[in-house]
Amino acid sequence: MTPDKNDPQGRRGFLRQVALAAATAPLTAGLLAADAPAGVAPPPAPAAGPLPGYASLSPDEAGLLEAMLNLMCPADQLTPNGVDCGLAVFIDRQLAGDFGRGARLYRQGPWPAGRPELGYQLPLTPEQYFKAGVAAATAACRKAHGKRFEELAPAEAETFLQDLAADKLDDSHFALGAWFNGLVYPLFEQACFADPLYGGNINKVFWKMVGYPGLPATHANDMLEFRGKPFPGAADPKSIADFS
Amino acid sequence: MATRLKKRTVVIVGGGLTAGLISRQLTAQGIEVLVLERGGNPSNGAAEKLPNQRDELRWDVRQGLVQDWAVQTYSLRHSRKDSALPVRRMEAFLPGEGRGGAGNHWTGITWRWPEYDPALRTRLESRYGKTAIAPEILIQDWGVGYAELESYHDLFEKLFGISGKAGNLNGQIQAGGNPFEAPRRNEYPQPPLEFTEAGLILKATAEKLGYKPFRMAAGNSSGTYTNPDGLKLGACQYCGHCDRFMCEAKAKATPELLLFPVLLERPQFEIRLNCHVLGVDYDRDGRRVTGVRYVDLLTGEEYEQPADVVVLGAFTMTNAKLLLMAGIGEKYDPVTGKGVVGRNFCYQTSSLVNLFFPDRWINPFLAAGCSGVNIDEFNADNFDHTGLGFLGGGAITANLKGGMPIRGRRVPPGTPRWGTAWKQANADWYSHSFALTAQATCYPHRENFLDLDPTYTDAFGQPLVRMTFDWQKNEMRMSEYVTKKMEAIAHATDAKIVGPAVPRKSPFDTRAYQSTHIVGGTPMGTDPRTSVVSPHLQHWDAPNLFVVGASVLPHNSGYNPTGPIAALALRLGDDLVRYVGKPGRL
Ligand SMILES: Cc1cc2nc3c(=O)[nH]c(=O)nc-3n(C[C@H](O)[C@H](O)[C@H](O)COP(=O)(O)OP(=O)(O)OC[C@H]3O[C@@H](n4cnc5c(N)ncnc54)[C@H](O)[C@@H]3O)c2cc1C
Ligand code: SF4
């Protein structure tokens, strides 16, 4: 969908994106920089990008997910595109791990449908459910637009995603709205904002974007010194890797 | 065949907060206690060490310290007409496991409930008349008054080094404290935590409106502290990783830090970890329990553990389940209103409103779990309900809780859910917003109760506990009222945008966290026809069986419940010292 989506060079050419992100500091970071003590320049961000290869997704599944993530998180003045931020890798690893395999999920039948407020009620593991949804979304997209999702023009793709989220797509056999809102969207937000340890939020780009300082979060003094004021640490967040 | 073990004096099912408190009182008097806990030893793991302690995905979103729903969950139906389905991954409330129980990953907000709460029926009838409480609302007095619990509140606050500011010292209202507080003999053991920016905003606005804002009492240590047993707390680092986390700074008051280290040194104390209790043995004719059965999860072997006294301290759901499975006491029947086990099941009615301040730095990460400000004017029966058409109310609070970025962000209403505009809104508002929350009462209703699920079983082949629960008219009206008051306060701040304030509405939604304050199911009271245990928490049918914890509270107030739960547990410990010396009705 974005020109470089299927181009491995482009996809992994994140250095450019990192530079871009640094050059166009977000609102918060900009305000913070003005208040940062002179001479305390943040260390240069390490050159990192999404790990190559997927553990769970097939090429088709990855194609749809990557296109969706680059639509939900386009490259702009705030962050690189979703794939370059590691969002697809995050979701892939979650699906391939405990979460995707249904750890901590009660999985005994019978399996009648229930009100949404009772939560997820299918026998599928989250990984299986994710893939079933990709297949159903692909079919729904072909029906609505005659193409695969990753082939849609940006405006069409946006319309499709809006319809998906609003549960307006016609699929009598699979609840696409519940799939998107109950599984895909929470994974998207987690991919953006979880510690980079899990493969998303590369270079802490989303933490920088909002101004979340991350670790070590020992704020007993900051609490008073920066109460009601911009917090310098927000411009240069630290993650688990920085303390490991 | 289960192996039969040597008889013990007191056996406690569950090794959490209440078990720790009871054991402290008993072992101090030389009485032998055995605790059976299904989980392991939670200390010194990644959960309380930097850097992994700060992992929001692992501990918060994926519930790393919470009961494993694959092993045991609960089913829910919203009314008797529906059929229940298992909640396959609960988000609404998060029971703990492991030594210390939910006391490991609790937040630490520590209340004394109002003086009138233990005698709520008497209070409401004397204030509003005999017909004020509709027949389907099962409010009942506890049979023990606040005055009798005061010394135990005082002891708990000292043991846990609670930080706060008294609002009512021996009947004298204190500036800066909660004027609605029940009278207390002593100041809090430690001064309150610092204000957050959000707290200052609520404080200033509330004062302008004529309310009396105060800082919540905190199980986050405002300084370094040594408790009466010589156990220590470090000073809170305002890291904001309390709720659902263990504290890395050893500053959050927990059974692991403040009870078990002393207990483990005492020869009278034994705790067996990884022991899942399957049942209580009941001698119906003899009107007594003879012990419990459990499976050792490390070997798979089953044991029969005889005991002189059995205490159920395994949190609301297990307490109710063990009684229902053993058939101890009559099961509650909502049609006839007869029976007791499972009745008075209540939750906590919460709501919130988001506030956005373009020109103020809220910095949500500069906060402790309990560094919040409250007003109590619209809580419980702190205001006149004449003509309002409901009973109850809630505390209105500004509490930041650490601004964790996955779950702790807010964007103004109308923000797109993705794309550049979504990102920009997050960038603009993350540090410039907070929520006011209302934590409100939930009174017992005839149609809200617990029993055993007829279809679904847990990993041990036992029936799940089934909840029949929904928000009832009284709670929805109350929530509407309190939420409107909260919205008015939000508009009285200098917030540029105030999000919609949505009161709690039916149906009860298991997909959103609302607090782990599920209470009732084995209520206490003075009448065996409406209560499972006596005011001394002694079972009416089997006098050597005791039940403790939130399950004995016959209603939920507009406050976190652990203060009264702890006071009742300490009192039970002292009661049991007497009981062991001279068994009989307490
Ligand atoms: C996220 C969270 C935040 C909270 N924050 C607050 C707060 O700020 N303020 C407040 O007042 N309260 C709070 N609470 C509630 C508080 O944690 C509880 O009130 C308190 O822990 C109750 O003590 P308890 O001993 O009854 O239960 P627990 O401490 O949970 O102990 C019960 C123990 O029983 C064990 N158990 C259960 N079933 C079995 C079985 N079959 N066999 C063997 N063992 C079993 C469990 O594993 C557990 O360890 C919070 C709870 C949670 C989850
Ligand atoms: S906010 Fe304070 S008490 Fe809570 S986890 Fe952090 S250091 Fe511990």
Side-chain angles (χ1 to χ4, degrees), chain A residues 26-28 71-74 76 78-79 98-99 102-108 110 112 114-121 158 161 165 185 188-190 193-195 197-198 206-207 209-220 222-224 226-231 234 239-240 242-244, chain B residues 50-52 54-57 61-63 68-70 73 76 78 83 85-91 194-197 200 235-241 249 360-361 363 365-367 371 402-406 409 417-420 422-424 426-428 430-431 455-457 507-511:
Chain A
L27 170 73
T28 18
L71 178 67
M72 294 174 78
C73 175
D76 53 23
L78 295 164
T79 74
D98 278 358
F99 170 78
R104 305 180 52 79
L105 184 67
Y106 179 80
R107 291 183 65 221
Q108 289 187 35
R115 301 168 99 159
E117 289 78 13
L118 295 168
Y120 180 70
Q121 289 293 342
E158 177 68 28
L161 205 58
Y185 193 77
F188 165 68
E189 285 191 298
Q190 291 156 21
F193 290 102
D195 191 285
L197 184 69
Y198 297 97
F206 283 89
W207 289 4
M209 175 182 95
V210 299
Y212 172 64
L215 279 60
T218 42
H219 292 309
D222 304 334
M223 169 70 199
L224 294 174
F226 298 104
R227 184 170 58 202
K229 298 183 192 136
F231 182 64
S239 67
I240 290 174
D242 296 318
F243 289 86
S244 304
Chain B
L50 273 176
N52 295 76
R54 305 287 199 246
D55 187 341
E56 182 188 9
L57 186 74
V61 178
R62 299 274 181 262
Q63 305 181 357
D68 185 344
W69 304 112
T73 187
L76 170 70
H78 289 99
S83 44
L85 289 182
V87 182
R88 296 181 179 278
R89 186 193 145 84
M90 178 68 81
E91 297 283 355
E194 300 292 350
F195 286 100
T196 64
E197 182 69 359
L200 289 175
C236 173
Q237 294 305 307
Y238 295 84
C239 78
H241 292 64
R360 292 186 79 145
W361 289 91
N363 294 339
F365 41 84
L366 300 183
S371 54
M404 274 171 276
I406 300 176
R409 286 169 295 114
R417 290 175 71 204
W418 55 76
T420 298
W422 172 76
K423 285 192 273 181
Q424 189 62 57
N426 276 289
D428 290 347
Y430 168 77
S431 276
T455 307
Y456 293 95
T457 54
F508 165 50
D509 194 339
T510 64
R511 298 168 302 175

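Below, read A as the first sequence line, B as the second, and so on, with proteins coming before strands; counting in each chain starts at 1. The analysis underlying the following values was restricted to heavy atoms, covering all of them including side chains, and did not include hydrogens, waters or symmetry mates.
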Student: Within the side chain of B/Asn363, is there an N or O that forms a donor-acceptor pair under 3.5 Å with the backbone of A/Lys229?
Tutor: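 It does hold such a pair.
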Student: Are A/Arg104 and B/Arg62 close enough that some pair of their side-chain heavy atoms sits under 4.5 Å apart?
Tutor: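 A/Arg104 does not reach B/Arg62 side chain to side chain.
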Student: Name the option with the most non-hydrogen atom pairs under 4.5 Å to chain B; the candidates are A/Glu189, A/Arg107, A/Glu117.
Tutor: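 Ranked by contacts with chain B, first place is A/Glu117.
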Student: Can you name the nearest heavy-atom pair linking A/Ala217 to B/Cys239, along with the distance?
Tutor: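 It is O-CB, 2.9 Å.
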Student: Is chain A contacted by the side chain of B/Thr457, its backbone, both, or neither, given a heavy-atom distance below 4.5 Å?
Tutor: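 When you check distances to chain A, atoms from both the backbone and side chain of B/Thr457 fall under 4.5 Å.
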Student: Quick check: do A/Leu197 and B/Asp55 have side-chain heavy atoms less than 4.5 Å from each other?
Tutor: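 Yes, close enough: below the 4.5 Å cut-off.
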Student: For the SG atom of B/Cys236 and the NE2 atom of A/His219, what is their distance to the nearest 0.5 Å?
Tutor: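 B/Cys236 SG to A/His219 NE2: 11.0 Å, rounded to 0.5 Å.
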Student: Check the angle between the aromatic planes of B/Trp422 and A/Phe193 and answer parallel, tilted or perpendicular using the 30° and 60° thresholds.
Tutor: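 Judged by the thresholds at 30° and 60°, the geometry between B/Trp422 and A/Phe193 is perpendicular.
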Student: Let's test your reading of the structure: which of A/Pro213, A/Gly228, A/Gly119 forms the most heavy-atom pairs below 4.5 Å with chain B?
Tutor: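 Greatest number of close heavy-atom pairs with chain B: A/Gly228.
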Student: Could you tell me whether a side-chain N or O of A/Thr218 sits under 3.5 Å from a main-chain N or O of B/Gln237, the two making a donor and an acceptor?
Tutor: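 Side chain of A/Thr218 to backbone of B/Gln237, a donor-acceptor pair under 3.5 Å: no, none is there.
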Student: Do A/Tyr185 and B/Arg417 come close enough that some side-chain heavy atom pair is under 4.5 Å?
Tutor: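 Result yes, sub-4.5 Å side-chain heavy-atom pair found.
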Student: Is any side-chain heavy atom of A/Gln108 closer than 4.5 Å to a side-chain heavy atom of B/Pro86?
Tutor: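 A side-chain contact under 4.5 Å is absent here.
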Student: Heavy-atom distance under 4.5 Å to chain A: side chain of B/Leu50, backbone, both or neither?
Tutor: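 Side chain only.
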Student: Just so I know, are the side chains of A/Tyr106 and B/Val87 near enough to count as touching, which here means a heavy-atom distance under 4.5 Å?
Tutor: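 Heavy-atom side-chain distance check fails, nothing below 4.5 Å.
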Student: Mind ranking B/Arg360, B/Glu194, B/Arg89, B/Glu56 by heavy-atom pairs under 4.5 Å with chain A and telling me who comes out on top?
Tutor: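 Max contact count across the listed options: B/Glu194.
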Student: So which of B/Met90, B/Gln63, B/Met404 has the biggest tally of heavy-atom pairs under 4.5 Å with chain A?
Tutor: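 Among the listed options, the one with the most contacts to chain A is B/Gln63.
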Student: Top residue by heavy-atom pair count (under 4.5 Å) with chain A, among B/Phe508, B/Trp69, B/Tyr456?
Tutor: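 Heavy-atom pairs under 4.5 Å are most numerous for B/Tyr456.
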Student: Report the distance from atom CG of A/Leu105 to atom CG of B/Asp68, rounding to the nearest 0.5 Å.
Tutor: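 Answer rounded to 0.5 Å: 10.0 Å.
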Student: To check you understand the geometry: which heavy-atom pair defines the closest contact between B/Ala427 and A/Leu78, and what is its length?
Tutor: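 It is CB-CD2, 4.4 Å.
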Student: Identify the heavy atoms of B/Thr510 and A/Leu118 that sit nearest to each other, and give their distance.
Tutor: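 Distance-wise, the nearest heavy atoms are OG1-C, 3.5 Å.
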Student: Most heavy-atom pairs under 4.5 angstrom with chain A, which of B/His78, B/Glu91, B/His241?
Tutor: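 Looking at each option in turn, the highest pair count goes to B/His78.
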Student: Is A/Leu215 close to chain B through its backbone or its side chain, or both, or neither, when contacts mean heavy atoms under 4.5 Å?
Tutor: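 The answer is the side chain of A/Leu215.
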Student: Between B/Lys423 (side chain only) and A/Pro74 (backbone N and O only), is there a donor and an acceptor less than 3.5 Å apart?
Tutor: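 Indeed, once roles are kept as given, a pair shorter than 3.5 Å links the two residues.
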Student: Examine whether an atom of B/Ala367 lies under 4.5 Å from a heavy atom of chain A, and if so say whether it belongs to the side chain, the backbone or both; otherwise answer neither.
Tutor: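 Backbone only.
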Student: Which one, A/Phe243, A/Trp207, A/Tyr212, leads in non-hydrogen pairs under 4.5 Å with chain B?
Tutor: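 That would be A/Tyr212.
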Student: Carefully, step by step, assess B/Tyr238 and A/Asp222 under the rule side-chain contact (heavy atoms from CB on, under 4.5 Å).
Tutor: CA-CA 9 Å; B/Tyr238 295 84; A/Asp222 304 334; over 6 Å; no
Student: When only pairs under 4.5 Å are counted, which of B/Gly419, B/Ser83, B/Gly403, B/Gly402 shares the most heavy-atom pairs with chain A?
Tutor: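 Between B/Gly419, B/Ser83, B/Gly403, B/Gly402, the count favours B/Gly419.
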Student: Got a second to check how far B/Asp428's CG is from A/Met209's CE, nearest 0.5 Å?
Tutor: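 Spacing of CG (B/Asp428) from CE (A/Met209) equals 9.5 Å.
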Student: Please state whether the side chain, the backbone, both or neither of B/Leu57 comes within less than 4.5 Å of a heavy atom of chain A.
Tutor: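 Just its side chain gets close to chain A.
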Student: At what distance, to the nearest 0.5 angstrom, does CG of A/Asp76 lie from OG1 of B/Thr420?
Tutor: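 So the gap between those two atoms works out to 3.5 Å.
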Student: Decide yes or no for B/Trp418 and A/Leu161: does some side-chain heavy atom of the first lie under 4.5 Å from some side-chain heavy atom of the second?
Tutor: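 Contact flag for B/Trp418/A/Leu161 side chains = yes.
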Student: Side-chain contact test, heavy atoms from C-beta onward, threshold under 4.5 Å: evaluate it for A/Phe226 versus B/Leu366 and give yes or no.
Tutor: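 Side-chain contact under 4.5 Å: yes.
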Student: Got a sec, which residues hit side chain to side chain contact (heavy atoms under 4.5 Å, CB included) with A/Pro116, two or more places apart in sequence or on another chain?
Tutor: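 A/Pro116: side chain to side chain contact (heavy atoms under 4.5 Å, CB included) contacts with B/Arg511.
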Student: For chain B, find which of A/Ala103, A/Gly102, A/Pro216 contributes the most heavy-atom pairs closer than 4.5 angstrom.
Tutor: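 Ranked by contacts with chain B, first place is A/Pro216.
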Student: Is any side-chain heavy atom of B/Leu200 closer than 4.5 Å to a side-chain heavy atom of A/Arg227?
Tutor: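 Yes. Closest side-chain heavy atoms under 4.5 Å.
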